Amino acid sequence: MTIIEDDPEPEGYRAFITGLKQRVRSTQFRMVRAANTELLRLYWSVGHDILTRQRDQGWGTKVVDRISADLRHEFPGQRGWSRSSLKNMRRFAEAWSEEAIGQQAVGQLPWGHIVTLLERLNSRVDRDWYAARAAENGWTRASLEHEIKVCLKDRIGTAPSNFAATLDPADSALAQRVVKDTYVFGHLDIRQHVVERDREQALMARIELTLVELGRGLAFAGRQVRFDVAGDEFFIDLLFFHIEQLRYVVIELKAGKFSPAHLGQLGFYVQLVETRLKKPGHEKTVGILLCAERNDETVALSLSTSATPTAVALYDGLTPEEQAALPSAAELEAVVRDEIRAFERAQLESPDEDAADHFA
C-alpha cells in the first residue's frame, strides 16, 4: 500500500476520509445483515414448504432425506442441506412466523444461534427472551449456549441485596440488574486450568464466558486495586465500571460460607471507591460479594444493617468432588484473575457463522 506524502493534505481532507471510511464500514455491515436476512427467509420458506406438504399432501418423514440428497447433488459447494439442517428449518417455521424475521430479535441472529435456540429450548417465551439478549449483547453462539446452560433467565436480578433501602428507587432497579443470584464459573475448570493454559482457543473461550457471566456493560478496571489509607494498605479483588449505568462495581470473592464480616469488608471497599475514584456524574458504587455458600436469613439480617449498596451472590459450577475439597479463596481468585490477565494481553476474537458460510 502506498501513501502519498509529498503533496500537502487538502483542507478538510481528514474529515472527508474519516467519513468515507465510516460509510464503507456501514455499507459492509448492511450487506452482511441483508444477506443474513435473505438466508433466514430462504430457510424459513424451505421449512414451511416441507411442513405444508407433510400436513396437506401426506408426505412422510423420509421425504426429508430425499430433499437433502437432491439439494446436495444440485449444490455440492453449499453448506446447510443436510437432513438435520432441513429438520431445523422445519422447526424454525413451526416456531416463528415469516414476519418475525424482519420484526423480532430472532431475525437479527445468525442461523447457528437460531439452531441453538431450537435445540436447547422448548418454550417460545424462553426462545424469544434469549434471542433478544443475544441480539442486544452481541453474543457469540458459544456465549448463547453458555447462558442457556446456566439458566440466565432465571438467575438475573434475583440475588439478595439492600439496594432498595440504600439507593433511590430508579437507581435501585438499575443496580439490581447488574447482579445475578448465582454466578456459574464451571467453564473455568480449576483442575485443567494449568494444563490448558497453552491452548489459545480454549483460553479465549474461557475469557469470553467469564466476562459474559459477570454481566453486560461491565468494563474491567483493575485487579488487586491498591489503596493507601494513612499508611495502611488495602487491595480490592476486582474492580469494574459499568459503562451504561456509569457506576463502579466492586467484586469480592470468598471461597467459604458467607459471614457478616465479609459484608463489612466489602462495604469498606465500596466507600474507598466512592471517596477516591468516583467522579461527578457517576452513580453510587455498588458491591457484589461472591461466596460458595450462604444462609439467606443471615444474609438478610446483615444486609438490613448495612448502609452500603451491596448484594450477596453465589458462585456455582464445581463438581461434587471439588465442592468437597473447595479451593482456598486465593486459589479461586487466581483462576479468575488469570482470565482477566489474559484478556489484558489478547484481543478477544470469536469466529461465528454468517450468511456467507452457507454459500462458501
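Not measured: the values here are computed from a predicted model. Throughout, numbering of the chain's residues begins at 1 and tracks the sequence.
Between Trp81 and Tyr43, the ring planes are perpendicular. Angles over 60° get that label, and only those under 30° would be called parallel.
Side chains of Ser26 and Arg23: a donor-acceptor N/O pair is absent below 3.5 angstrom, by distance only. Residues Gln78 and Arg72 have side chains that never bring a donor and an acceptor to within less than 3.5 angstrom of each other. Arg141 and Thr116 are linked by a side-chain donor-acceptor pair at a separation below 3.5 angstrom, with hydrogens and angles left out of the test. A donor atom on one side chain and an acceptor atom on the other are not found under 3.5 Å apart for Thr308 and Thr310. Donor-acceptor pairing under 3.5 Å is recorded for the side chains of Asp128 and Trp96.
A 4.5 Å side-chain heavy-atom check between Leu144 and Arg133 finds every atom pair outside the cut-off. Counting only heavy atoms from C-beta outward, the side chains of Arg91 and Glu119 approach each other to under 4.5 Å. You'll find the side chain of Gln54 reaches within 4.5 Å of the side chain of Val63, heavy atoms only. Side-chain contact between Trp139 and Glu147 is present, with heavy atoms from C-beta onward closer than 4.5 Å. In this structure, the side chains of Asn88 and Trp111 come closer than 4.5 Å at one or more pairs of heavy atoms.
Looking only at distances, a side-chain donor or acceptor of Glu252 sits under 3.5 Å from a matching main-chain atom of Asp237. At least one donor-acceptor pair closer than 3.5 Å links the side chain of Arg127 to the backbone N or O of Leu118. Without hydrogens or angle criteria, Asn36 side chain to Leu109 main chain gives a donor-acceptor distance under 3.5 Å.
Taking both residues in full, the closest heavy atoms of Arg226 and Glu233 are given as NE-OE2, 2.7 Å, listed atom of the first, atom of the second, then distance.
Take Phe258 and apply the ring pair (Phe, Tyr, Trp, His ring centres under 6.0 Å) test, not counting sequence neighbours, and it matches no residue.
Annotation for Arg66: atom CZ does not count as buried by contact number, only 12 or fewer foreign heavy atoms lying within 6.0 Å. Other residues, nucleotides and ligands contribute only 12 or fewer heavy atoms inside 6.0 Å of the CD atom of Glu297.
Under a hydrophobic clustering in which Ile, Leu, Val, Met, Phe, Trp and Tyr are joined whenever their side-chain heavy atoms come within less than 4.5 Å, directly or via other members, Ile251 and Phe235 fall into different clusters. Hydrophobic cluster membership is shared by Leu42 and Ile114, with clusters built from Ile, Leu, Val, Met, Phe, Trp and Tyr side chains linked at under 4.5 angstrom.
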Evaluate the side-chain contact (heavy atoms from CB on, under 4.5 Å) criterion for residues Val249 and Thr285: first the C-alpha distance (whole Å), next the side-chain angles of each, then the deciding distance (0.1 Å), finally the verdict. CA-CA 6 Å; Val249 179; Thr285 303; over 6 Å; no

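Here the two rings, on His113 and Tyr130, have centers that are 6.0 Å apart or farther. Two rings, from Phe234 and Phe227, have their centers 6.0 Å or more apart.
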